[in-house]
Number of protein chains: 4
Amino acid sequence: MLNRVVLVGRLTKTPEMRYTPNGVAVSNFTIAVNRPFSNNQGEREADFINCVVWRKAAENLAQYMNKGSLIGVDGRLQTRNFEGQDGKRVFVTEVLAESIQFLESKSKNNSSGSGQETAPQENTGEPIDISDDDLPF
Amino acid sequence: MLNRVVLVGRLTKTPEMRYTPNGVAVSNFTIAVNRPFSNNQGEREADFINCVVWRKAAENLAQYMNKGSLIGVDGRLQTRNFEGQDGKRVFVTEVLAESIQFLESKSKNNSSGSGQETAPQENTGEPIDISDDDLPF
Amino acid sequence: MLNRVVLVGRLTKTPEMRYTPNGVAVSNFTIAVNRPFSNNQGEREADFINCVVWRKAAENLAQYMNKGSLIGVDGRLQTRNFEGQDGKRVFVTEVLAESIQFLESKSKNNSSGSGQETAPQENTGEPIDISDDDLPF
Amino acid sequence: MLNRVVLVGRLTKTPEMRYTPNGVAVSNFTIAVNRPFSNNQGEREADFINCVVWRKAAENLAQYMNKGSLIGVDGRLQTRNFEGQDGKRVFVTEVLAESIQFLESKSKNNSSGSGQETAPQENTGEPIDISDDDLPF
DNA sequence: TTTT
DNA sequence: TTTT
């Protein structure tokens, strides 16, 4: 069934990556997406949306992006639940990122935010695709 | 910032509508969206995605749709939090439905699922738009 | 870069499939998507959107869908151009369908429109994924 | 019916704005969206997607964006046709932009590309929404 | 008839 | 428990 999410927002924290027991790279991150309208107090609020990304895209995200970096996410919504520390079931709604676009980087490696899906580990300027449509589940 | 969600799935329960203290109609509902792939046990799982819709669209949803009805949702992701019954903060991620398409109805009023944003309270066959881009917040 | 299209509409013709010289299945089709609003004459118009789909999804589409069938499309916009019969360059904008959902079928095979990405060649009721993320270009 | 397009790409030309006979501002523009994969020659190609935007959003686009500027577009696909100069009917598929996000500007006014829907004609830093959900058709 |  |  159709399930599609597209977001542009800023990383609330510098992303960290970990590996599953099977050695698969994964990164959980949150992006702040400012709302297009102001609230009663004339302030623009944001939505803080939890995302997860796997494999090479997870590695690139952790390597090149920072707190505050602007990224685009194309993916799907997924829900899961697990037993919380208090024994109660916790329900999670998050975005499974299938493709991430680096729209701007902050400091780290001095990369320049080319508006392309780029992992600028070398200086060719030739962007590298970080899409990952071969997810491990 | 860009924030777009498109879903097609089935209502997990017959939707109910309520009114805010200001008299604005609102309906919270969940749709089950089947995943396009099977898990390790060869089963297809679903994501259960919480949604909210306001005003006329909320009224139409409650009036014409039922548990199991297939609908399309076009909207945006929003997050909010409130104090839970145990005093702890509860965080919610849900889809704010800006437009709902009735793809199929179950029984209730014998409506026929025309694949249009329809509220068939009369028999003209002329569909009625239930989009709502003038939300109360 | 982000490029995402999601559509729900009806096939304007029974889809036909062909094979490229390399033996890859491909189907071009058009879906009519009704607009959510009426024009000055109080009529609801439609947009007629050209799409292309490859491989197994193309085969399933041709085998199970008919003129008038309601489908969902998840894909991306692409442009191409070729030399027209009058020697002038023709520019085409179309949707490359990466995933198609059968929302309803018309007659052909008497299939029932389960609201799932289904290719009901057998009667198990177990839907088959027709997504195709390994496109030949 | 569902009809949603989300794009991020670069303006192929500095956008120009005009007014309809009724005095409504409108701007037609093309964005180049790089494909996520390379072709046989190892080159990354782009899709050149025609868009149209109305009213205040059209004015802001023409005022603040330039050739090469990176923008995000949230809108819908529409088709129309008209009689060409040779008397033949010309069919057009384009994106009706309902909301545009300025992701980066080039020179003109020295604006800084804040990643928000911003029309920085004053220096408050408070972004201005350029969404336009009240289109004249 | 195109962007970086 | 948050970004600019």
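Note on naming: letters A, B, ... go to the chains in the order of the sequence lines (proteins, then strands), and numbering restarts at 1 for each one.
- When distances run from any side-chain atom of D/Asn34 to the nucleotides F/dT2, E/dT4, F/dT4, the shortest one goes to E/dT4.
- Rounded to an integer number of Å, the gap from CE of B/Met1 to C1' of F/dT2 is 13 Å.
- Residues C/Val5 and D/Leu77 have side chains in contact (heavy-atom distance under 4.5 Å, counting atoms from C-beta outward).
- Residue A/Asn50 places its side chain closer to F/dT2 than to any other of F/dT3, F/dT2, E/dT2.
- Spacing between atom CG of A/Leu103 and atom C1' of F/dT3 amounts to 14 Å, rounded to whole angstrom units.
- Listed candidates were F/dT3, E/dT2, E/dT3. Nearest to the side chain of D/Thr30 is E/dT2.
- When rounded to the nearest whole Å, the span between CZ of D/Phe102 and P of E/dT3 equals 20 Å.
- Atoms CG (D/Asn28) and P (E/dT2) sit 19 Å apart, rounded to a whole Å.
- Computed from coordinates, the A/Arg44 CZ to F/dT4 P distance equals 15 Å when rounded to whole Å.
- A donor-acceptor pair shorter than 3.5 Å cannot be found between the side chains of A/Asn34 and A/Arg44.
- For A/Thr20, the side-chain contact (heavy atoms from CB on, under 4.5 Å) partners two or more places apart in sequence, or in a different chain, are A/Asn22, A/Val24, A/Val26, A/Trp54.
- To the nearest angstrom, P of F/dT3 lies 18 Å from CD of D/Gln101.
- Here A/Glu45 pairs with A/Arg35, A/Asn39 under the side-chain contact (heavy atoms from CB on, under 4.5 Å) rule; sequence neighbours left out.
- Atom pair D/Asp47:CG and E/dT2:P shows a separation of 15 Å (rounding to whole Å applied).
- At whole-Å resolution of the value, CG in D/Leu70 and C1' in E/dT3 are 10 Å apart.
- Listed nucleotides: E/dT4, F/dT3, E/dT2. Nearest to the side chain of D/Arg10: E/dT4.
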